[in-house]
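See below for the structure under consideration.
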Amino acid sequence: MKTKLTQIFLLLLCLILSTAVLSACKPGGDPANTDTDFGTSSESQSDSETEKPEEPTYIIKDGKTEYTIIRGADRRVSEERPYSNRIKEAFEKLGITVEYKEDMDGWDDTSDPETKEILIGHTNRPETQKVLDELRYNDYAVVEEGNKIVVTAHSFSGLNKAVNYFINKVMSNKVEENGKCTELEFKDSIVNNAKYGVDSVKIAGVELKNYRIVYPESTKVYFKDAAESWSEDIANKYGYVLEVVSDKKEATDYEILIGKTNRTDAASEYESHPLKSLLMGYRVLVKGKKIIINCGGAYSASASATEFMNKAFDKKEVTLDDGFLFEGTLMKEKAVPLTEGADIRIMSANILAEFASWNLENVTIPIPPRVEIFVANLLFYSPDAIGIQEATPLWIKYLKFYLADTPYKVFGEKRDDGGDNYSSLIYNAEKYDLEAEGFQQYSKHTSAVCRNMKWGIFKNKTTGVRFGLVSTHWDFGGEPNKVECRTTQVKEMAALVDKLYKQYDCTITTTGDYNCSESSSSYSLFMSINNMYDSKFAAKKRYNLFGSCHTLGLSNISAGSIDCVFATKEGAKVLGYMTVVGNGVVDLSDHNPVFADIAVKK
């Protein structure tokens, strides 16, 4: 019996010892909790001893490379090309010739998974998409996928970091002999996860990453870019890139609707708050599981994204329930009533033609965002009449749409010969009758569409008081022929003002982009040959001390002005003057609107 008990004891002891030995052979720690780079191994020691190690990947071997650098050929190509160019140049600095091309040479071009490629940015290769699917917006990756090395990110800032990493880290592994690179092994793959201000956003209980943004196909010129702005702003704050589609796509349960789409969920909102009632304003609301973004136009539709993110995405976990409403306005300036004693407010504004060749950046400048800014400020400051410059036919089209159902009317967009005139007029047609109008082209000029004078005589429907307004745009430049043209224009405008004053016996005002500073000879000549005030200097009250020019999109307003409001002196007084700043005008044009409050001749 004793022997049997001893045997049982020894058997149990062996079992306990063997269990302890087996436990000691297990790898330590939870791989899910380790902070490893993409591509590093989490195998146990025993596995690595039994499995054959992977062959190293050589980007360069024996002073040559079998890899081709691939860049995307879609709409992002022009913006992403500098990044792929940098990697190509890094190879060239090593003395390595590398093939460099777009991901699609033709419609029949297909991707070969066996071909060795370095994929930069957004390409059509499935390996790129596989990596992007695992990245949030500002993350980046430099990893190996099959025979591809993928260098990518959703954002340009992320792609810049990925390219820097490839050049500064991956290519630092080069081996050189006699000053020439002979070998470069691909090591140090990385997936870098950025930090985001928001971890979770739930819309009526549904995580925001499940949503897409929908814009109206019928008015995509207003809202497609805005939808993409919302997607980008959400991605920067939240990390997930939401798909942007038109309302031609079939509706889904989880959508962010921007603009008046065909979705019935938003119909009542647009009926109660139509577009023109929200100029430079916005309403963001949750209805059921849909988010509705209702704005006054293309500018507020885009700019409201930043306003919303700053206010609503203010903590790590955000919840927006059914009935949530966030509303506001981009019109931040204080209203400026008509200066006491003044009869009229006259405004001048060069609203900047959309043509790429007309601006320093040589890019087309869309009108839809800018017309909202202009009309909102027109209604906000309420001039009696305004002379506009660079009002192209497309500008006139958008102006007439936005000015419908307002007191204002635009006219004078055609010359007497039927051609276009870019210096036209807008006036308050509820308050004034247009008693007379006329047009005169300068005898010397470099542009038939710009170098004109359009004028109108306006009569107050209540008081019978009249005034005249001329809109013009003088030639620009210091070349002898330009100076000659401008000198002629100075004299001919002075003559027209004198003629109108004598004929209608009322205060005549002129507005324009005169393309010459207050210290120029053209300005001095004009002031010396007529009896007119420059409102900027004659005003009893100046509401600010700015000039009238800036770089589009920047607040670097000049001290001097080339946009002026002149007024005949006899019987008139200039009581107030202001350069319009704020309220989005920095994005309207490279000129600031200016206005003068004038007591006219009675």
Side-chain angles (χ1 to χ4, degrees), residues 336-339 342-351 374-391 395-396 399-400 402-404 406-413 421-440 452-473 493 496-497 500-501 503-514 532-536 539 548 563-568 572-580 591-602:
V336 180
L338 185 69
T339 307
D343 301 300
I344 59 172
R345 173 168 289 176
I346 302 298
M347 181 178 281
S348 182
N350 180 323
I351 53 180
F374 176 72
V375 174
N377 279 281
L378 174 65
L379 298 175
F380 186 75
Y381 289 106
S382 302
D384 293 278
I386 177 170
I388 52 177
Q389 297 79 48
E390 299 193 24
W395 254 110
I396 294 296
L399 283 171
K400 287 185 175 180
Y402 266 99
L403 292 176
T406 76
Y408 289 95
K409 182 179 179 180
V410 60
F411 74 101
E413 66 271 21
N421 170 40
Y422 291 1
S423 299
S424 47
L425 298 169
I426 298 172
Y427 74 105
N428 186 329
E430 288 185 1
K431 189 175 179 182
Y432 293 92
D433 287 322
L434 178 59
E435 193 172 72
E437 62 175 302
F439 171 87
Q440 181 177 326
N452 308 305
M453 294 177 284
K454 178 63 187 179
W455 58 269
I457 302 295
F458 306 94
K459 183 178 180 180
N460 188 297
K461 293 181 180 182
T462 303
T463 65
V465 172
R466 294 188 302 176
F467 70 92
L469 173 61
V470 181
S471 178
T472 195
H473 194 174
M493 192 173 91
L496 176 64
V497 169
L500 294 176
Y501 178 76
Q503 182 175 353
Y504 294 101
D505 191 28
C506 64
T507 298
I508 304 297
T509 61
T510 71
T511 59
D513 174 358
Y514 296 96
M532 300 186 81
Y533 295 117
D534 180 342
S535 298
K536 177 179 177 181
S548 70
D563 304 87
C564 306
V565 179
F566 296 111
T568 50
K573 292 181 181 179
V574 181
L575 300 178
Y577 180 87
M578 178 173 165
T579 298
V580 176
H591 294 249
N592 293 71
V594 298
F595 67 77
D597 292 346
I598 302 168
V600 300
K601 179 182 179 182
K602 305 296 194 294

Does the ring centre of Y533 sit less than 6.0 Å away from the ring centre of Y577? no
Indicate the atoms forming the closest heavy-atom contact of V580 with N592, along with that distance. O-ND2, 2.9 Å
Roughly how far apart are E390 CD and Y422 OH, rounded to 0.5 Å? 9.5 Å
Output yes when K461 and E430 qualify as a salt bridge under the 4.0 Å nitrogen-oxygen rule, no when they do not. no
For F411, the ring pair (Phe, Tyr, Trp, His ring centres under 6.0 Å) test, sequence neighbours excluded, returns Y427
Rounded distance [0.5 Å steps], NZ in K409 versus CG in N428: 12.5 Å
Within the distance-only criterion (no hydrogens, no angle test), does the side chain of N421 pair as donor or acceptor with the backbone N or O of G412 below 3.5 angstrom? yes
Residue pair V497 / M532, side-chain heavy-atom distance below 4.5 Å: yes
A side-chain contact here means heavy atoms from C-beta on lying under 4.5 Å apart; do P383 and Y408 qualify? yes
side-chain contact (heavy atoms from CB on, under 4.5 Å) between L378 and L403, intermediate numbers included: CA-CA 10 Å; L378 174 65; L403 292 176; 3.7 Å; yes
Any heavy-atom pair between the side chains of Y514 and C564 that's under 4.5 Å? yes
Looking at side-chain heavy atoms only, is the closest gap between P593 and N377 below 4.5 Å? no
For V565 versus S535, what's the shortest heavy-atom pair and its separation? O-OG, 2.8 Å
Is there a salt bridge (charged side-chain N to carboxylate O under 4.0 Å, His left out) between R345 and D597 once you walk through the steps? CA-CA 4 Å; R345 173 168 289 176; D597 292 346; 2.6 Å; yes
CA sep, side-chain torsions, deciding dist, call: T511, M347, side-chain contact (heavy atoms from CB on, under 4.5 Å): CA-CA 7 Å; T511 59; M347 181 178 281; over 6 Å; no
Find the distance between CD (E413) and CD1 (I396) and round it off to the nearest 0.5 Å. 5.0 Å
Under 3.5 Å, side chain of T472 to main-chain N/O of N452, donor-acceptor pair present? yes
pair I388-L399: side-chain heavy atoms closer than 4.5 Å: yes
Separation between CD1 (I351) and CG (D513), nearest 0.5 Å, reads 12.0 Å
Are V470 and L500 close enough, and set up right, to give a side-chain contact (heavy atoms from CB on, under 4.5 Å), and what steps lead you there? CA-CA 10 Å; V470 181; L500 294 176; 4.0 Å; yes
Do K454 and E437 come within less than 4.5 Å of each other through their side chains, counting heavy atoms only? yes
Does Q389 form a side-chain contact (heavy atoms from CB on, under 4.5 Å) with S471? I'd like the steps, not just the answer. CA-CA 8 Å; Q389 297 79 48; S471 178; 3.2 Å; yes
So F374 and I386, do their side chains get closer than 4.5 Å, heavy atoms only? yes
Taking all non-hydrogen atoms of both residues into account, name the closest pair between V600 and V465 and its distance. CG2-CG1, 3.3 Å
Exceeds 12 heavy-atom contacts within 6.0 angstrom, atom NZ of K601: yes
For a quick test of reading the model, state the closest non-hydrogen atom pair linking L379 to T406 and the distance between them. CD2-CB, 4.3 Å
Fit a plane to each ring of Y432 and F458, take the angle between them on a 0 to 90° scale, and name the class: parallel (under 30°), tilted (30 to 60°) or perpendicular (over 60°). perpendicular
When every non-hydrogen atom of L434 is compared with those of G456, the smallest separation belongs to CD1-CA, 4.1 Å
Measuring from atom CG of N350 to atom NE2 of H473, what distance do you get when rounded to the nearest 0.5 angstrom? 5.5 Å
Closest approach of T339 to G576 (non-hydrogen atoms, all atoms of both residues): OG1-CA, 3.6 Å
Could you tell me the separation between the OG1 atom of T510 and the CE atom of M493, rounded to the nearest 0.5 Å? 4.0 Å
Is any side-chain heavy atom of D343 closer than 4.5 Å to a side-chain heavy atom of K602? yes
Assign the ring pair Y504 / W455 to parallel, tilted or perpendicular, where the plane angle (0 to 90°) is split at 30° and 60°. tilted
